[in-house]
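Residue numbers start at 1 and run along the sequence shown. One-based numbering, in listed order, for ligands and for the atoms of each.
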Amino acid sequence: MSSLQARTFTRPIGTAVNHAARLELLENYLSYQEDILRCAQMSLEWLARHAGVKQSACLAVDAESSMLVGIAAYGVVGDDIELFSWPLSDAYDPLVGALQAERPVQFRSYRPNGHAAQASPSPLGRGPFTAIPLGLRTSGVAEHEDLAPGLLLLRAPAITDDIQWLVTVLGQKIDQVRGRGSLAEEARKLRRERTLFFTIINAVTDPIMLTDIDGRLIVANARAEKLFAASEEESEGRRRAVELNNMLFSAALSRSAVEGTPEARELLLVDPSDGSDLLFEVLSTSVEDPREGTGVVSVLRNITDLRRATEQIEENYQKLRVAEAAVRAERDRLNLIIDSVADPIIVTDATGATVLMNAPAEDLFTVVPGASEAASRTVQANDAHFSSFISGLLLGETGPGEIRRGEIGLMNPATAEPIPVEAIAGKVLTETGELTAVVTILHDRREALERARLYEQLKAASDELQARVQAATAELATQNELLRRQAIELEQASRLKSQFLANMSHEFRTPLNAILGYTHMLLQGVAGDLLPGVKRQLQRIDSNGRHLMTIINEILDITRIEAGKMPMQLSEFNLNELVPEVMTELDPVITRSKLTVVPRLWLDLPPVYSDRQKVKQIIVNLLSNALKFTHEGGIQITVGYNEAERTAGVAVADTGIGISPENHEKIFEDFRQVDDSPSRQYGGTGLGLAICRRLATALGGRITLESTMGVGSTFTLTIPLETEQ
Ligand code: ADP
């Protein structure tokens, strides 16, 4: 409103009264303006400019209400001029009195007649002021014939020509208009309309503005004032925001003027109260007013929330699209999976109707065009079986995620071959627990049944085998037991045999010793000289008796060793000494053989701790054999020592007949001879080497053999330096 006044009243103030100024007032307002209030207002302003009257007010007689009412004021503060009214009936009121005066009435200190309701006694207060009755007295108003049409109250040093001129023309104008209606009524109507107008535009929550073509604010509702108007007292920030909003708005208006776009455009403003962004849609319409010129009415619609909601909706729509795509992909994937499963899969809805099935299921439950009658019947039968399974499931109480199994007897429509299937079904429930679908997988049980049959067969075979193994094991145990008993019996028999042999040898030796003893005495001539023939026969008895004694001794040795009754006589001795001793003992045999026997002793040989008698017996035996089986050449008896092994030994090497490799082990067995024919060339029992090996083992040693047929043999006895008891 302020800008409206500023625009309207910026005409230069004239310094001299002139006709041009009077003409302007008459032409612009008083001649054609029907609005008496506006005429009065313009007149007072004209007085201020041309007559220097800084304070003035105009009162007019309202014939209808018989009141003197205020219609315009200039330069006065306080109550609205339209609130001043005086009843004309109050003839004692000074102002009503002034209406009847012939000339201006001076009020030094004005006092109303006590009836005035207003706070201020008059528009110019208590005065001093001058009240000039307007214009001419007319006879237009019957009851108040003597009254002027109104009063001009002013504060001025003198009543100039201009004032008098104005009093005349304004009086004429009021008189002229007064004939047409009630002044007070018009003022009230205008007041009501103005109040209504502001009530209406303030009730609109959208900012509404009337601006001039330069964008200056003329009228604004409360919402718009919040955005575009700020007084000096308001905060700096708020004022700056308002300034910015004005700038943005002017720019938007001029843009729409340039582009000539009548449609709505968006405008981003700042909320002066909190600085937040506000998005508006501006609808501008230009209006033409004969007096005010061209203006622009703009209605701003706040679309901040709308924009936000739009964005939200857009975002949600995008999300929906993405979700939809995901669901579609999921469904395609699911279809792919269902189709790639070899087992029939059927999806039914809550009523049991089939919604989806894969190719293997279609083979069972759909009739192929051109199928035989039998095939169609089979499909129907399959359908019936499956439906009864599903209805059983739908009636039954199965929770979400729970799987129900059942067996259904179906048939292959193409081959009429029975297919026993296991149906595995699960319910698909919504979040609220409502049943949406049932997914059933039919698993062909033929293979499983075949496997079960094979398994049974295999199990039976395995059981049989196990029974057989058990029987065989029992048999084996019996045999083992028998063998064990036989072994015990054999062992007993062997012990008895050894015992018997030992006893018998002893029994043989006693009489044989007597025979040999007596023979020896006869040969020594104890019973007198003997004839040469008798002596020869006695010598044969002696020789055979000795041979028999050797055999008996050897058998006795074997049985003793067998029975573990060969006592050890351990002592320390030197092998170097033992070899010549053996040679001395066998000297007659060596001499008779005409072979050279060479002893090869070991210098610094440590003494051995062993059974001297048994070692000697072994060496005697080996040397006897060498002499027996060698016809030419010689025999070497070598003493040896192995420091690392802590063993000593004696090797008897001959140049005799040799022993074939297959007999190298055999000759150590009891009674074993290489030539065991009845016509054999060499004597002996075959026990010598068997006894030697047993003795060597008993001493902790061994006998080894190296021999080549026709070249010779070497028997080696090895014993530890110390034999343990
Ligand atoms: P015998 O009392 O028969 O000699 P031995 O046990 O001493 O019994 O010998 C067994 C057999 O080993 C002999 O009959 C002989 O065939 C063979 N034998 C033993 N020593 C020699 C040897 N030095 N050369 C060849 N053959 C031998």
Side-chain angles (χ1 to χ4, degrees), residues 501 505 508 512 543-562 566 579 582-583 585-586 588-600 613-640 649-699 701-718:
L501 282 175
S505 307
F508 286 146
L512 190 58
S543 156
N544 280 296
R546 281 184 194 282
H547 184 59
L548 186 59
M549 187 58 120
T550 313
I551 293 170
I552 289 168
N553 278 342
E554 283 181 346
I555 289 173
L556 195 62
D557 276 353
I558 281 280
T559 52
R560 269 205 196 131
I561 295 166
E562 287 277 276
M566 187 72 136
V579 172
V582 171
M583 284 174 66
E585 200 170 302
L586 291 179
V589 190
I590 293 169
T591 312
R592 221 174 22 245
S593 71
K594 299 191 180 85
L595 294 168
T596 52
V597 178
V598 182
R600 297 164 69 103
Q613 184 51 43
K614 292 191 174 74
V615 174
K616 188 178 168 187
Q617 190 183 339
I618 294 167
I619 299 170
V620 166
N621 215 307
L622 295 179
L623 184 53
S624 306
N625 279 351
L627 289 167
K628 189 155 65 173
F629 297 102
T630 307
H631 305 298
E632 54 190 13
I635 297 165
Q636 278 193 358
I637 308 176
T638 313
V639 176
V650 178
V652 179
D654 61 48
T655 53
I657 59 169
I659 305 159
S660 64
E662 71 267 19
N663 290 323
H664 281 196
E665 268 304 308
K666 283 184 185 167
I667 54 171
F668 288 98
E669 291 171 12
D670 294 353
F671 304 106
R672 183 67 89 156
Q673 292 170 318
V674 171
D675 179 8
D676 51 4
S677 61
S679 57
R680 64 198 161 101
Q681 201 182 338
Y682 307 98
T685 55
L687 279 173
L689 285 177
I691 293 167
C692 285
R693 176 163 274 186
R694 278 187 173 85
L695 288 176
T697 307
L699 294 173
R702 62 185 185 272
I703 292 173
T704 51
L705 164 65
E706 282 171 49
S707 179
T708 312
M709 284 291 280
V711 178
S713 312
T714 303
F715 286 85
T716 309
L717 164 71
T718 310

Selection residues 616-637 - residue pairs positive for side chain to side chain donor-acceptor pair (under 3.5 Å), sequence neighbours left out: Asp557-Gln617, Glu581-Lys616, Glu585-Lys616, His631-Tyr682

Closest heavy-atom approach to atom 20 (N) of ligand 1 among Asn621, Asn625, Leu622 is made by Asn625

Which pair of heavy atoms, one from Ile590 and one from Met583, lies closest together, and at what distance? CD1-O, 3.6 Å

Using every non-hydrogen atom in the two residues, find where Val620 and Leu586 come nearest and quote the distance to one decimal. O-CD1, 3.8 Å

Which of the numbered atoms in ligand 1 are below 4.0 angstrom from a heavy atom of Ala626? 23 (N)

Taking the side chain as everything from C-beta on, heavy atoms only, tell me whether Phe508 gets closer than 4.5 Å to Ile551. no

Which heavy atom of Met709 sits nearest to which heavy atom of Ile659, and what is that distance? SD-C, 3.5 Å

Would you indicate whether the side-chain heavy atoms of Leu689 and Leu622 approach each other to under 4.5 Å? yes

Record the part of Ile659 in heavy-atom contact with ligand 1 below 4.0 Å; permitted values are side chain, backbone, both and neither. side chain

At a 4.0 Å cut-off, with the gap strictly under it, does some heavy atom of Gly656 reach an atom of ligand 1? no

Evaluate whether atom CD of Glu669 has more than 12 neighbouring non-hydrogen atoms of other residues, nucleotides or ligands under 6.0 angstrom away. yes

Between Gly686 and ligand 1, does any nitrogen or oxygen pair lie at a separation below 3.5 Å? yes

Does ligand 1 have any atom that is closer than 4.0 Å to a heavy atom of Lys628? yes

Note: ligand 1 atoms sitting under 4.0 Å from heavy atoms of Ile657 are 25 (C)

Quick one: does Ser707's side chain have a donor or acceptor within less than 3.5 Å of a partner on Gly712's backbone? yes

Have a look at ligand 1 and work out which part of Asp654, if any, has a heavy atom under 4.0 Å from it: side chain, backbone, both or neither. side chain

What about Gly688: any of its N or O atoms under 3.5 Å from an N or O on ligand 1? yes

Only heavy atoms count here, so choose which of Thr630, Leu705, Leu689 is nearest to atom 5 (P) of ligand 1. Leu689

Does any N or O atom in Ile667 lie less than 3.5 angstrom from one in ligand 1, N or O only? no

